[in-house]
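Below, each value reflects all heavy atoms present in this structure, side chains not excepted, and no hydrogens, waters or symmetry copies.
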Amino acid sequence: MTRSSEERPPEQRTPAPDESQPSTDQHEAPSASTLRSWPASQLREAGPSQARNLQRQLILLREENKRLRNELAEQQAELERLVAAYNAQQASFDEELAALKEGHQRQIEQYQAHLRDMLAENRQLQAEKQRIQEQYNELQKNYQQAVEEEAHKMIAEAANTIIMRPEHVPSLLQDVKKTIELQIRQEEDEQAAATLYLIRDAQRRARQLEEELARERQQIASERQQLVQMQQSIREQAELRYKTLASHLGGRWSLAVTLAVLLLLVPLPVLQSLFYFVLHLSLAFSLYVPILICLGLVGLFARVRVAMATYYSSAPHKSPRPKT
């Protein structure tokens, strides 16, 4: 009973494809190292059932390892196949791109050659057009000259006919005569209108000149009135200033005369008394010498006063500051 149970192999489970790689990665190395690390004496002591289990596990691990190696080889082959296909597609793509570039370059060259041909043809057409235009202008000029010459001849002949026979006007020149008469009337009307316009313009300008002259006269009259008023005010100011200066100078002259008289009369008796009573000089000397001395003092005072007035008038005066 026990032997049959020991000899019966344990149930083994087939690993799933998703679990095969991690199981081998997790158990292959430890089980192999465990089997190698066990000595033969321990394997003998372990028992036959455990040894069989270990052998089965080793066999399973080896099979799993082979299967994984086969799958790895298949994946490597698939990867090499994909790389080869990619390289082939890349080469075909490069060839197609080169072919497209070459085709585009050829189309561009064809377009450029066609464009050059078109430009050359356009230049030829322009030159031909210019030549035809010149010929047309020359023909038109010749035609106009011929028409003008013929018209001049006809007009000269008609004029001669009219001069020779003014009462007989050719039927061909009736319209010309009417046209000329109408044109003459139009020119006369235009000249009359221009003359009338010039007359009206001259009248208008004359009125404007008269108005400007009247304004200028009025302005001159107002300016003259202002000038007269200004002159009158200046004359009044000058008279007022003259009167002020005269009164001022009169006052100054009166003051100067008064001071001179005082300088002449006040020290005179003092000097005469001094010379006669104190110094006991003669009567004539005591009378006339003080008079000369007083006259000299008056002259000296006058000169000093004149010098001070001149200095004061020549000195710069401060202008009064305007009130803010």
Side-chain angles (χ1 to χ4, degrees), residues 93-232:
F93 176 74
D94 293 338
E95 290 177 358
E96 291 178 359
L97 183 62
L100 288 174
K101 288 182 178 179
E102 186 177 358
H104 289 167
Q105 187 67 28
R106 289 177 181 175
Q107 289 180 359
I108 290 169
E109 291 177 356
Q110 290 177 0
Y111 290 154
Q112 289 178 354
H114 185 63
L115 181 61
R116 285 193 294 269
D117 295 338
M118 292 287 289
L119 290 174
E121 186 177 357
N122 188 13
R123 284 194 292 270
Q124 291 178 0
L125 291 175
Q126 290 290 338
E128 186 68 21
K129 180 181 177 182
Q130 185 69 24
R131 186 179 62 79
I132 293 171
Q133 187 69 28
E134 290 177 356
Q135 290 180 359
Y136 174 75
N137 293 331
E138 187 176 358
L139 291 174
Q140 187 177 8
K141 186 177 179 182
N142 295 331
Y143 175 74
Q144 288 179 357
Q145 289 178 357
V147 170
E148 288 177 358
E149 290 177 357
E150 189 66 24
H152 285 308
K153 288 180 181 179
M154 291 176 66
I155 291 169
E157 290 177 358
N160 293 326
T161 305
I162 292 170
I163 291 170
M164 297 296 293
R165 296 178 180 180
E167 66 279 359
H168 298 287
V169 179
S171 60
L172 295 174
L173 298 178
Q174 291 292 335
D175 296 334
V176 176
K177 182 180 178 181
K178 293 179 180 179
T179 304
I180 292 171
E181 291 177 354
L182 181 61
Q183 187 175 2
I184 291 170
R185 290 175 185 174
Q186 289 179 356
E187 290 179 357
E188 290 177 354
D189 294 337
E190 289 177 357
Q191 290 178 359
T195 306
L196 183 61
Y197 175 75
L198 290 175
I199 291 171
R200 291 179 180 177
D201 191 12
Q203 291 176 356
R204 182 177 57 81
R205 290 186 179 181
R207 287 196 298 270
Q208 290 179 357
L209 290 174
E210 289 177 357
E211 292 175 358
E212 290 178 359
L213 184 60
R215 285 196 298 269
E216 289 180 358
R217 286 177 180 175
Q218 186 177 1
Q219 186 176 1
I220 290 170
S222 61
E223 290 179 356
R224 185 179 297 171
Q225 185 68 23
Q226 292 177 1
L227 183 60
V228 170
Q229 292 177 0
M230 190 180 296
Q231 287 178 355
Q232 187 176 358

Should Glu188 and Ile184 be marked as a side-chain contact (heavy atoms from CB on, under 4.5 Å) after you check the CA-CA gap, both sets of side-chain angles, and the distance that decides it?
CA-CA 6 Å; Glu188 290 177 354; Ile184 291 170; 3.7 Å; yes
With rounding to the nearest 0.5 angstrom, report the [atom1] to [atom2] distance, [X] to [Y].
X: Glu216; Y: Leu209; atom1: CD; atom2: CG; answer: 9.5 Å
X: Leu125; Y: Ile132; atom1: CG; atom2: CD1; answer: 9.5 Å
X: Arg217; Y: Glu210; atom1: CZ; atom2: CD; answer: 9.0 Å
X: Ile108; Y: Leu115; atom1: CD1; atom2: CG; answer: 12.5 Å
X: Leu182; Y: Asp189; atom1: CG; atom2: CG; answer: 9.5 Å
X: His114; Y: Glu121; atom1: NE2; atom2: CD; answer: 8.5 Å

Using the rule given for side-chain contact (heavy atoms from CB on, under 4.5 Å), can you reason through Gln219 versus Glu223, listing the C-alpha separation, both sets of side-chain angles and the distance that settles it, and then say yes or no?
CA-CA 6 Å; Gln219 186 176 1; Glu223 290 179 356; 3.5 Å; yes
Quick check on [X]: does its [atom1] atom have over 12 non-hydrogen neighbours (other residues, nucleotides or ligands) under 6.0 Å away?
X: Arg224; atom1: CZ; answer: no
X: Arg204; atom1: CZ; answer: yes
X: Gln229; atom1: CD; answer: yes

Please determine whether side-chain contact (heavy atoms from CB on, under 4.5 Å) holds for the pair Arg106 and Glu102, giving the CA-CA distance in whole Å, both sets of side-chain angles, and the decisive distance to 0.1 Å.
CA-CA 6 Å; Arg106 289 177 181 175; Glu102 186 177 358; 2.6 Å; yes
Side-chain touch Gln124/Glu128, heavy atoms, less than 4.5 angstrom
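Counting from C-beta outward, Gln124 and Glu128 never come under 4.5 Å.
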So do the side chains of Ile199 and Gln203 get within less than 4.5 Å of each other, counting heavy atoms only?
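Yes - at least one pair of side-chain heavy atoms lies under 4.5 Å apart.
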Glu211 and Arg207 ion-paired at < 4.0 Å
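Salt bridge absent between Glu211 and Arg207.
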Pair Lys141, Gln145 - check side-chain contact (heavy atoms from CB on, under 4.5 Å), show working.
CA-CA 6 Å; Lys141 186 177 179 182; Gln145 289 178 357; 3.5 Å; yes
Just by modelled atom types, is the Met118 backbone N or O under 3.5 Å from a matching donor or acceptor in the Asn122 side chain?
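It does not hold such a pair.
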Distance-only, no hydrogens or angles: does the Asp201 side chain make a donor-acceptor pair with backbone N or O of Tyr197 under 3.5 Å?
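A pair under 3.5 Å: no.
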